[in-house]
Amino acid sequence: MTLFCDNISAINIFKNLVQHSRTKHIDIRHHFIGELVEDKVVNLEHITTEKQLADIFTKPLDAVRFEKLRSSLGVCIHEGL
């Protein structure tokens with residue numbers, strides 16, 4: 001499975017958890033993801049912030065960005081509703 005992330009630092013931490021001494025505070029669920037990356041069950045890939053589809057569900061967006069992300073999801077509005 002591929003997870004797209006717009007944070008290069010987070011990707012680097014997950015790819016080598018042992019190397020980073022600042023990861024001690026990371027919640028256990030993030031260590032679980034790190035183990036999945038290590039076991040090659042999950043692949044992390046970088047995506048630009050402008051193309052991060054998850055933002056439509058997690059952030060307030062201006063109308064232009066919202067419309068662009070919505071069309072990328074394949075969602076359309078029925079004008080009759």
Query - CD1 on I56 to NZ on K68, rounded to 0.5 Å - result: 12.5 Å
Report task. Check Q52 against R65 and note the closest heavy-atom contact, atom names and distance. Result -> O-NH2, 4.2 Å
Query - pair M1-L36: side-chain heavy atoms closer than 4.5 Å - result: no
Query raised in the report: Partners of N7 by side-chain hydrogen bond (donor to acceptor under 3.5 Å, both in side chains), sequence neighbours excluded?
Result: none
Report task. Return the set of residues passing side-chain contact (heavy atoms from CB on, under 4.5 Å) with L53 (not counting sequence neighbours), or none when no residue passes. Result -> L69, S72, L73
Report task. Please write out which residues are connected to F4 in a hydrophobic cluster, directly or through intermediates, given that two of Ile, Leu, Val, Met, Phe, Trp, Tyr count as joined at side-chain heavy-atom separations below 4.5 angstrom. Result -> I47
Query - All salt bridge (charged side-chain N to carboxylate O under 4.0 Å, His left out) counterparts of K51, not counting sequence neighbours - result: none
Requested in this report: Measure the SG-NE2 distance between C5 and H46 for me, rounded to the nearest 0.5 Å.
Outcome: 7.5 Å
Query - Heavy-atom donor-acceptor pair, D62 side chain to V64 backbone, under 3.5 Å - result: yes
**Report entry** Verify same cluster id: F57, F66 (apolar side-chain graph, 4.5 Å)
**Finding:** yes
Report summary line: Scanning both residues in full, the closest heavy-atom pair of D55 with L61 reads O-CD1, 4.0 Å
Query raised in the report: What residues, two or more places apart in sequence or in another chain, satisfy salt bridge (charged side-chain N to carboxylate O under 4.0 Å, His left out) together with D6?
Result: none
**Report entry** Partner set under side-chain hydrogen bond (donor to acceptor under 3.5 Å, both in side chains) for E67, not counting sequence neighbours
**Finding:** R70
